[in-house]
Amino acid sequence: MGIALKTRPRTQRPPMYKVMLLNDDYTPMEFVVHVLERFFGMTHEQAFEIMLTVHKKGLAVVGVFSFEVAETKVMQVMDFARRHQHPLQCTMEKE
Ligand code: TYC
């Protein structure tokens, strides 16, 4: 029985990546809400709640994705923030 359990093959799953938003003192709250709606498909209510969590706690996970999707989200958010001259930071981390 021990052997059977020990050798049971585990299902292979691709690693997933957490995408996180970081707080700062300058990015307007409404801009962050807009980012969450636009790039993460959140409703206004969901986006507002997550934005407040980041504002109060310093950061929050805004989604979990495959490497390619996570990387694209981070690039889209960083590019959008840069174009609007806000210091908003978005990062990813292996789950
Ligand atoms: N702290 C910002 C402010 O008071 C709002 C903010 C929220 C900024 C979330 C970044 O990821 C962020 N205007």
Side-chain angles (χ1 to χ4, degrees):
M1 177 191 171
I3 295 290
L5 282 176
K6 276 181 199 154
T7 58
R8 182 164 51 99
R10 298 218 54 242
T11 309
Q12 293 294 306
R13 294 187 191 84
M16 298 294 276
Y17 291 78
K18 298 181 284 189
V19 171
M20 290 161 305
L21 226 46
L22 309 186
N23 189 36
D24 66 73
D25 292 338
Y26 305 104
T27 305
M29 289 185 172
E30 268 312 311
F31 183 82
V32 178
V33 170
H34 180 66
V35 162
L36 292 170
E37 291 170 344
R38 182 175 177 135
F39 298 111
F40 297 92
M42 294 184 192
T43 64
H44 192 75
E45 289 70 27
Q46 288 172 327
F48 196 85
E49 202 175 303
I50 298 278
M51 180 282 296
L52 271 190
T53 302
V54 178
H55 177 70
K56 289 182 196 157
K57 304 228 164 137
L59 88 179
V61 175
V62 298
V64 179
F65 308 97
S66 68
F67 182 84
E68 285 78 10
V69 174
E71 200 182 35
T72 303
K73 301 275 183 203
V74 170
M75 283 188 334
Q76 286 173 329
V77 172
M78 294 299 285
D79 184 58
F80 192 64
R82 195 160 34 232
R83 282 193 282 123
H84 289 266
Q85 300 186 315
H86 294 310
L88 181 64
Q89 294 291 311
C90 183
T91 62
M92 61 192 272
E93 184 180 283
K94 202 170 181 175
E95 214 181 22

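In this text the structure is predicted, and so the values were computed from the model without any measurement. Whatever order the structure lists ligands and atoms in, that order sets their numbers, starting from 1.
In this structure H44 satisfies the side-chain hydrogen bond (donor to acceptor under 3.5 Å, both in side chains) test together with E37, sequence neighbours excluded.
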Let me check something: any side-chain donor-acceptor pairs from residues 22-34 under 3.5 Å, sequence neighbours excluded? List them with distances.
| residue | atom | partner | partner atom | Å |
| --- | --- | --- | --- | --- |
| N23 | ND2 | H55 | O | 3.4 |
| D24 | OD1 | Y26 | N | 2.7 |
| D24 | OD1 | T27 | N | 2.7 |
| D24 | OD1 | T27 | OG1 | 3.1 |
| D24 | OD2 | T27 | OG1 | 2.8 |
| T27 | OG1 | L88 | N | 3.2 |

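In this structure, L52 is a member of the same hydrophobic cluster as F40, with clusters built from ILVMFWY side-chain heavy atoms closer than 4.5 Å.
Counting heavy-atom neighbours within 6.0 Å of E71 CD, excluding the residue itself, gives a total above 12.
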List ligand 1's nitrogen or oxygen atoms that come under 3.5 Å of a protein nitrogen or oxygen, with the partner atom and distance.
| residue | atom | partner | partner atom | Å |
| --- | --- | --- | --- | --- |
| ligand 1 | 1 (N) | N23 | OD1 | 2.8 |
| ligand 1 | 1 (N) | D24 | O | 2.7 |
| ligand 1 | 1 (N) | H55 | ND1 | 2.9 |
| ligand 1 | 4 (O) | H55 | ND1 | 3.4 |
| ligand 1 | 11 (O) | L22 | O | 2.8 |
| ligand 1 | 13 (N) | T27 | O | 2.9 |

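Sorted by first and then second residue, the salt bridge (Lys or Arg N to Asp or Glu O under 4.0 Å) pairs involving residues 86-95 (not counting sequence neighbours) are K18-E93.
Residues Y17 and F67 bring their aromatic ring centres within 6.0 Å.
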